[in-house]
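All ligand and atom numbering here is 1-based and tracks the order in the structure.
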Amino acid sequence: MREGRLSTMKRYTRWGVSAVASLTLAIGTLAQPAAAESWKFALEEIDGSVQDAYAEAFKKRIEEKSGGEVTVNIYPYGTLGTSTQLTELAANGAIQFANASPGHLGKLIPEIQVLSIPYLLSQNNECNKQVLGGSEVIYENLDEKFENQGLKLLTMYPEGQMVWTTNKKITSPEDFSNFKIRVMTSPLLVRAYEAFGANPTPMPYSEVYSGLQLGQIDGQVNPIFAIEEMKFYEVQDYMIWAGQQQFTTTVVANYGFYDGLSDEHRQLVDSTVDEMVDVIFKTQDQYNKERLEKIKQTSDIEMIHLNEEQRAVFAERAKQVEKKFVEMTGDSGEKVLNALTQEIKSCEDKMGS
Ligand code: 6CS
């Protein structure tokens, strides 16, 4: 295993401190009622990430369309806390908008873990974009679950294929034996990596680099742009494509804030969210391609693409995860699962993929 950069390590240490600072901030400044024209948008990713690109484009549009009446302030990861803490801040109205990725949000809204079932989303990412960005049936099924937690589900989008980074070559569930893989904190992900034969270890994003560096974990899984910007590739030996998962995220608003918006401001938010579906889809694709090149140029990490036969073994195991999801979520989860499966299939049929 290679050593990572000291500067990167310092960055993560700073994040540890900032999690504590975030609570103080939430109780202090952020707990003040927000000025009608100033909206706060918190990210689970750092400056330069896909979520940051979304928030920057959202901000630009909102500020321009409102003629400067509304301003949007962006809080990148590391300024307010972990994903779970950001969701809490959005739910209690300390901030107006946040990214809330299913990989963490599943603790609060179990049904959203449907997006964490391996091999369920399409291999045709255009279908994922369409279904996540616009399917009424999916939003209808999920709206109430978010509302019950004080959140308005504004949109969902894919951020790129998730790739395993590891300190040993993994091509089969047997290779995963006794392998500690970091997963996000939603319970279904633990089930998923158990089904794959690994020893899953949930932890916040900010702890992954040091966890890898110190050998507390042997690997992790994330989209390419994140592997590059979080420098995970510096402390890992392999990048492995198993085709199991798109990283997906949601953008949520505080429910009371959204519900209380004037018609004009609600239209401003809704139209911007609609416009962003195509914008962010192109951006994530571009970021993932560019960052892969950067990793290739700056490291000697070995890249492995599992073949169809190897992937089929993991896909077979993913059926257990689907069952677990239904056990965890009951009828409401099954409804979302069926709706998602159906919507993806009809998109694939239409697109001939
Ligand atoms: O692994 C994680 O926890 C995080 N990964 C990404 C790419 N975005 C946010 C999420 O929290």
Side-chain angles (χ1 to χ4, degrees), residues 11-12 15-16 18-19 22 41-55 74-90 97-109 112-113 115-116 118 121 125 128 132 155-166 180-190 192-193 200-212 216-217 219-233 235-236 239 244-252 280-281 283-288 290-292 295:
R11 190 146 50 96
Y12 298 113
W15 287 357
S18 90
S22 76
F41 193 151
L43 315 180
E44 300 170 298
E45 294 168 4
I46 62 175
D47 270 340
S49 62
V50 171
Q51 291 183 4
D52 186 40
Y54 186 103
I74 301 169
Y75 295 83
Y77 193 61
T79 54
L80 296 183
T82 63
S83 295
T84 305
Q85 288 168 325
L86 300 184
T87 304
E88 280 167 21
L89 292 175
F97 301 94
N99 276 101
S101 297
H104 296 287
L105 187 61
K107 294 198 294 288
L108 200 63
I109 304 176
I112 197 68
Q113 297 179 109
L115 298 176
S116 299
L121 287 177
N125 209 21
N128 298 328
L132 294 178
T155 192
M156 298 180 272
Y157 60 88
E159 293 191 32
Q161 188 67 239
M162 294 184 85
V163 175
W164 297 329
T165 68
T166 63
K180 291 196 285 312
I181 187 159
R182 178 270 174 172
V183 293
M184 292 178 278
T185 53
S186 288
L188 192 75
L189 289 170
V190 172
Y193 279 86
T201 309
M203 61 168 67
Y205 200 31
S206 52
E207 292 171 23
V208 178
Y209 183 92
S210 56
L212 292 169
Q216 290 160 332
I217 44 176
Q220 66 84 44
V221 49
N222 253 307
I224 298 162
F225 80 88
I227 292 170
E228 192 280 322
E229 70 190 11
M230 299 300 279
K231 309 294 175 206
F232 299 150
Y233 71 96
V235 284
Q236 293 271 261
M239 281 176 73
Q244 83 288 359
Q245 197 74 61
Q246 271 292 319
F247 183 91
T248 58
T249 194
T250 78
V251 178
V252 296
I280 199 59
F281 189 70
T283 305
Q284 62 81 29
D285 191 46
Q286 179 201 335
Y287 278 23
N288 283 305
E290 287 172 359
R291 307 284 174 96
L292 180 59
I295 295 173

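Heavy-atom contacts of F247 reach the following atoms of ligand 1: 5 (N), 6 (C), 7 (C), 8 (N), 9 (C), 10 (C) (cutoff under 4.0 Å). If you number the atoms of ligand 1 from 1 as listed, the ones under 4.0 Å from a heavy atom of M184 come out as 1 (O), 2 (C), 3 (O). The contact set between ligand 1 and A226, taken as ligand atoms under 4.0 Å from a residue heavy atom, comprises 7 (C). Less than 4.0 angstrom separates some heavy atom of P223 from each of these atoms of ligand 1: 7 (C). Numbered from 1 in the order shown, with element, the atoms of ligand 1 that lie under 4.0 Å from a heavy atom of S83 read 11 (O). Within ligand 1, the atoms closer than 4.0 Å to a non-hydrogen atom of E45 are 6 (C), 7 (C), 8 (N), 9 (C), numbered from 1 in the order shown. Per-residue contacts place H104 under 4.0 angstrom from the following atoms of ligand 1 (heavy atoms of the residue considered): 2 (C), 3 (O), 11 (O).
Ring planes of F41 and Y54: perpendicular class, angle over 60° (limits at 30 and 60°).
In this structure, OG1 in T155 is found 10.0 Å from CD1 in I280, a value given to the nearest 0.5 Å. If you take CG on N288 and CD1 on I224, they are separated by 5.0 Å, rounding to the nearest 0.5 Å. Rounding to the nearest 0.5 Å places OG of S186 at 6.0 Å from NZ of K107. Taken from CG in L292 to CD in Q161, the straight-line distance is 12.0 Å, to the nearest 0.5 Å. Between the NE2 atom in H104 and the OH atom in Y205 there is a gap of 8.5 Å [rounded to 0.5 Å].
Using 4.0 Å as the threshold, R182 has a heavy atom nearer than that to some atom of ligand 1.
Among all non-hydrogen protein atoms, the one lying nearest atom 2 (C) of ligand 1 is Y205 CD1, 3.2 Å.
Below 3.5 Å of separation, one finds an N or O of N222 facing an N or O of ligand 1.
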Quiz item: Where do Y157 and F281 land on the side-chain contact (heavy atoms from CB on, under 4.5 Å) test, with the steps shown first?
Solution: CA-CA 7 Å; Y157 60 88; F281 189 70; over 6 Å; no

